[in-house]
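Notes to accompany the following structure.
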Amino acid sequence: MRILIVEDEPTLREGLRDLLLAAGHEVVVSELGQPAVELGTRETFDLVVLDLMLPDIDGVEVCRRLRRARPTLPVLMLTARSSEDDKVAGLRAGADDYLTKPFSVRELLARVEAFGRRAGASPTEPELIEVDGCTLDLGRLTARRGSQEVALTPREAGILRWLHRHRARAVTRAELLERIWGSSAELQTRTVDMTIANLRQKIERDPAEPRIVRTVTGAGYAWGDAGDG
Ligand code: CA
(Lines give C-alpha, C1' and ligand atoms only; values in the text may rest on other atoms or scores of the structure.)
Protein backbone atom coordinates (compact mmCIF):
# COMPACT_ATOMS: atom_id res chain seq x y z
CA MET A 1 0.00 0.00 0.00
CA ARG A 2 0.97 3.63 -0.44
CA ILE A 3 0.64 5.23 2.98
CA LEU A 4 0.72 8.87 4.11
CA ILE A 5 1.89 9.35 7.70
CA VAL A 6 0.96 12.65 9.36
CA GLU A 7 2.71 12.98 12.71
CA ASP A 8 4.56 15.96 14.22
CA GLU A 9 6.48 13.99 16.83
CA PRO A 10 9.79 13.12 15.07
CA THR A 11 10.60 9.89 16.91
CA LEU A 12 7.17 8.42 16.34
CA ARG A 13 7.05 9.67 12.74
CA GLU A 14 10.37 8.10 11.82
CA GLY A 15 9.50 4.97 13.76
CA LEU A 16 6.22 4.56 11.91
CA ARG A 17 7.92 5.21 8.59
CA ASP A 18 10.63 2.63 9.19
CA LEU A 19 8.09 0.11 10.41
CA LEU A 20 5.77 0.48 7.44
CA LEU A 21 8.66 0.57 4.97
CA ALA A 22 9.91 -2.64 6.51
CA ALA A 23 6.45 -4.15 6.12
CA GLY A 24 6.75 -3.52 2.38
CA HIS A 25 4.69 -0.36 2.04
CA GLU A 26 5.51 2.82 0.16
CA VAL A 27 5.57 5.66 2.67
CA VAL A 28 5.29 9.45 2.48
CA VAL A 29 5.53 11.52 5.68
CA SER A 30 4.25 14.93 6.68
CA GLU A 31 4.85 16.65 10.02
CA LEU A 32 2.05 19.19 9.61
CA GLY A 33 -1.63 19.06 8.77
CA GLN A 34 -1.90 21.56 5.93
CA PRO A 35 0.85 20.02 3.74
CA ALA A 36 -0.78 16.64 4.40
CA VAL A 37 -4.12 17.91 3.08
CA GLU A 38 -2.35 19.15 -0.07
CA LEU A 39 -0.43 15.89 -0.51
CA GLY A 40 -3.49 13.74 0.09
CA THR A 41 -5.51 15.79 -2.38
CA ARG A 42 -2.85 15.86 -5.10
CA GLU A 43 -1.54 12.32 -4.84
CA THR A 44 -3.10 8.91 -4.49
CA PHE A 45 -2.78 6.98 -1.22
CA ASP A 46 -4.29 3.75 0.02
CA LEU A 47 -4.25 4.84 3.65
CA VAL A 48 -3.56 7.90 5.80
CA VAL A 49 -2.17 7.37 9.30
CA LEU A 50 -3.15 10.64 10.94
CA ASP A 51 -2.17 12.05 14.33
CA LEU A 52 -5.02 13.89 16.08
CA MET A 53 -2.86 16.54 17.74
CA LEU A 54 -0.87 18.56 15.20
CA PRO A 55 0.67 22.04 15.64
CA ASP A 56 -1.10 23.76 12.73
CA ILE A 57 -4.52 22.21 12.08
CA ASP A 58 -5.74 19.25 14.10
CA GLY A 59 -6.29 15.76 12.78
CA VAL A 60 -10.07 16.04 12.78
CA GLU A 61 -9.88 19.05 10.48
CA VAL A 62 -7.21 17.40 8.29
CA CYS A 63 -9.50 14.39 7.96
CA ARG A 64 -12.49 16.56 7.10
CA ARG A 65 -10.56 18.42 4.40
CA LEU A 66 -9.08 15.26 2.94
CA ARG A 67 -12.53 13.70 2.80
CA ARG A 68 -13.91 16.59 0.81
CA ALA A 69 -11.39 15.89 -1.91
CA ARG A 70 -11.22 12.12 -1.50
CA PRO A 71 -14.35 10.76 0.16
CA THR A 72 -13.21 7.14 0.09
CA LEU A 73 -9.59 7.55 1.26
CA PRO A 74 -9.14 5.33 4.36
CA VAL A 75 -7.96 7.16 7.49
CA LEU A 76 -6.50 5.61 10.63
CA MET A 77 -6.48 8.23 13.38
CA LEU A 78 -3.82 8.22 16.11
CA THR A 79 -4.43 9.90 19.44
CA ALA A 80 -2.87 10.18 22.86
CA ARG A 81 -6.29 10.77 24.36
CA SER A 82 -8.90 8.10 24.73
CA SER A 83 -12.10 9.90 25.65
CA GLU A 84 -15.24 8.93 23.81
CA ASP A 85 -15.66 12.53 22.60
CA ASP A 86 -12.42 12.36 20.64
CA LYS A 87 -13.44 9.10 19.04
CA VAL A 88 -16.82 10.45 18.04
CA ALA A 89 -15.27 13.62 16.60
CA GLY A 90 -12.69 11.63 14.65
CA LEU A 91 -15.10 9.12 13.30
CA ARG A 92 -17.60 11.84 12.36
CA ALA A 93 -14.89 13.59 10.42
CA GLY A 94 -14.55 10.40 8.44
CA ALA A 95 -11.78 8.42 10.13
CA ASP A 96 -12.31 4.71 9.52
CA ASP A 97 -10.45 3.48 12.55
CA TYR A 98 -8.81 4.71 15.69
CA LEU A 99 -5.66 3.80 17.61
CA THR A 100 -4.84 5.22 21.03
CA LYS A 101 -1.23 5.95 21.96
CA PRO A 102 0.77 4.23 23.21
CA PHE A 103 0.12 1.33 20.87
CA SER A 104 2.24 -1.70 20.15
CA VAL A 105 3.98 -2.30 16.83
CA ARG A 106 1.93 -5.44 16.40
CA GLU A 107 -1.31 -3.58 17.00
CA LEU A 108 -0.48 -0.93 14.42
CA LEU A 109 0.59 -3.46 11.79
CA ALA A 110 -2.58 -5.47 12.37
CA ARG A 111 -4.75 -2.39 11.77
CA VAL A 112 -2.81 -1.41 8.66
CA GLU A 113 -3.08 -4.95 7.30
CA ALA A 114 -6.83 -4.88 7.95
CA PHE A 115 -7.08 -1.84 5.70
CA GLY A 116 -5.06 -3.66 3.06
CA ARG A 117 -7.40 -6.64 3.20
CA ARG A 118 -10.44 -4.39 2.93
CA ALA A 119 -8.96 -2.65 -0.09
CA GLY A 120 -8.10 -5.97 -1.70
CA ALA A 121 -11.43 -7.59 -0.93
CA SER A 122 -13.63 -4.88 -2.35
CA PRO A 123 -13.05 -3.70 -5.90
CA THR A 124 -11.24 -0.38 -5.87
CA GLU A 125 -13.28 2.49 -7.15
CA PRO A 126 -12.44 3.55 -10.67
CA GLU A 127 -10.62 6.83 -11.05
CA LEU A 128 -11.30 6.67 -14.78
CA ILE A 129 -15.00 6.68 -15.67
CA GLU A 130 -16.46 6.62 -19.18
CA VAL A 131 -19.96 8.04 -19.26
CA ASP A 132 -22.10 9.40 -22.10
CA GLY A 133 -19.09 10.04 -24.32
CA CYS A 134 -17.16 11.81 -21.56
CA THR A 135 -14.02 10.44 -19.92
CA LEU A 136 -13.71 11.49 -16.30
CA ASP A 137 -10.27 11.07 -14.75
CA LEU A 138 -10.95 11.72 -11.09
CA GLY A 139 -7.34 11.06 -10.11
CA ARG A 140 -5.96 13.67 -12.51
CA LEU A 141 -8.99 15.97 -12.10
CA THR A 142 -9.83 16.15 -15.78
CA ALA A 143 -12.85 15.57 -18.00
CA ARG A 144 -12.39 14.86 -21.70
CA ARG A 145 -15.01 14.93 -24.40
CA GLY A 146 -13.55 14.27 -27.83
CA SER A 147 -10.39 16.33 -28.13
CA GLN A 148 -11.47 18.82 -25.49
CA GLU A 149 -10.14 18.41 -21.97
CA VAL A 150 -11.22 20.57 -19.03
CA ALA A 151 -9.93 20.68 -15.46
CA LEU A 152 -12.15 19.61 -12.59
CA THR A 153 -11.85 21.03 -9.09
CA PRO A 154 -11.27 18.55 -6.24
CA ARG A 155 -14.81 19.32 -5.07
CA GLU A 156 -16.30 18.55 -8.48
CA ALA A 157 -14.36 15.29 -8.61
CA GLY A 158 -15.59 14.54 -5.08
CA ILE A 159 -19.21 15.05 -6.15
CA LEU A 160 -18.75 12.79 -9.18
CA ARG A 161 -17.05 10.12 -7.07
CA TRP A 162 -19.80 10.25 -4.47
CA LEU A 163 -22.62 10.09 -7.02
CA HIS A 164 -20.92 7.23 -8.89
CA ARG A 165 -20.30 5.32 -5.69
CA HIS A 166 -23.96 5.65 -4.70
CA ARG A 167 -25.32 5.33 -8.23
CA ALA A 168 -28.05 2.92 -7.14
CA ARG A 169 -29.92 5.78 -5.46
CA ALA A 170 -30.53 9.51 -5.45
CA VAL A 171 -28.22 11.67 -3.31
CA THR A 172 -29.66 14.64 -1.43
CA ARG A 173 -28.19 18.13 -1.42
CA ALA A 174 -27.77 17.91 2.34
CA GLU A 175 -25.76 14.71 1.95
CA LEU A 176 -23.48 16.32 -0.63
CA LEU A 177 -22.99 19.35 1.62
CA GLU A 178 -22.04 17.13 4.52
CA ARG A 179 -19.84 14.68 2.63
CA ILE A 180 -18.15 16.92 0.08
CA TRP A 181 -18.06 20.32 1.75
CA GLY A 182 -17.98 19.08 5.33
CA SER A 183 -20.96 20.04 7.46
CA SER A 184 -21.06 23.83 7.63
CA ALA A 185 -24.18 25.60 8.86
CA GLU A 186 -23.48 28.73 6.82
CA LEU A 187 -23.56 26.82 3.55
CA GLN A 188 -26.89 26.45 1.82
CA THR A 189 -28.20 23.84 -0.54
CA ARG A 190 -28.09 26.51 -3.26
CA THR A 191 -24.29 26.16 -3.10
CA VAL A 192 -24.67 22.56 -4.26
CA ASP A 193 -26.91 23.57 -7.16
CA MET A 194 -24.50 26.26 -8.30
CA THR A 195 -21.52 23.90 -8.14
CA ILE A 196 -23.39 21.24 -10.08
CA ALA A 197 -24.51 23.79 -12.71
CA ASN A 198 -20.83 24.66 -13.26
CA LEU A 199 -19.85 21.00 -13.34
CA ARG A 200 -22.49 20.27 -15.98
CA GLN A 201 -21.06 23.02 -18.19
CA LYS A 202 -17.78 21.12 -18.11
CA ILE A 203 -18.90 17.53 -18.56
CA GLU A 204 -22.37 17.30 -20.09
CA ARG A 205 -22.99 17.02 -23.82
CA ASP A 206 -25.92 19.42 -23.33
CA PRO A 207 -25.95 21.08 -19.89
CA ALA A 208 -29.66 21.83 -20.34
CA GLU A 209 -30.36 18.11 -20.62
CA PRO A 210 -27.85 16.51 -18.24
CA ARG A 211 -27.23 12.79 -18.64
CA ILE A 212 -24.31 12.34 -16.25
CA VAL A 213 -25.45 14.27 -13.19
CA ARG A 214 -29.24 13.96 -13.33
CA THR A 215 -31.68 15.99 -11.26
CA VAL A 216 -34.12 13.88 -9.28
CA THR A 217 -37.13 16.06 -8.55
CA GLY A 218 -37.85 16.30 -4.85
CA ALA A 219 -34.78 14.26 -3.94
CA GLY A 220 -31.56 15.79 -5.23
CA TYR A 221 -29.15 14.34 -7.76
CA ALA A 222 -28.31 10.94 -9.18
CA TRP A 223 -25.66 9.41 -11.39
CA GLY A 224 -26.89 9.09 -14.96
CA ASP A 225 -26.94 5.58 -16.38
CA ALA A 226 -26.16 6.55 -19.95
CA GLY A 227 -23.60 4.08 -21.16
CA ASP A 228 -21.98 3.48 -17.77
CA GLY A 229 -21.25 -0.05 -16.69
CA1 CA B 1 1.06 15.07 17.82
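Position 1 is the first residue of the sequence; numbering continues from there. Hydrogens, waters and symmetry mates are skipped; everything else that's a heavy atom, side chains included, is used. First listed ligand is number 1; within each ligand, the first listed atom is number 1. Keep in mind the model is a prediction, meaning the values are calculated, not measured.
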| request: Any chance you could measure Tyr221, atom OH, to Arg214, atom CZ, to the nearest 0.5 Å? | output: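 Interatomic distance, Tyr221 OH to Arg214 CZ, rounded to 0.5 Å: 13.0 Å.
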| ring pair (Phe, Tyr, Trp, His ring centres under 6.0 Å) contacts in which one or both residues fall within residues 130-162, not counting sequence neighbours |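 Found Trp162-His166.
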| Partners meeting side-chain hydrogen bond (donor to acceptor under 3.5 Å, both in side chains) with Arg17 (sequence neighbours left out) |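 Residues passing side-chain hydrogen bond (donor to acceptor under 3.5 Å, both in side chains) with Arg17: Glu14.
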| What pairs with Arg200 under side-chain hydrogen bond (donor to acceptor under 3.5 Å, both in side chains), at least two apart in sequence or on another chain? |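 Result, side-chain hydrogen bond (donor to acceptor under 3.5 Å, both in side chains) vs Arg200: Thr215.
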| task | Kindly give the heavy-atom pair with the smallest separation between Ile3 and Phe45, and that separation in Å. | result |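 Taking every non-hydrogen atom into account, C-CD2, 3.8 Å.
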| 4.5 Å side-chain heavy-atom contact, Leu109 and Leu20 |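 Yes - at least one pair of side-chain heavy atoms lies under 4.5 Å apart.
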| task | Could you tally the protein N/O/S atoms lying less than 3.0 Å away from the Ca ion (ligand 1)? | result |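 If we list every protein N, O or S atom nearer than 3.0 Å to the Ca ion (ligand 1), we get 3.
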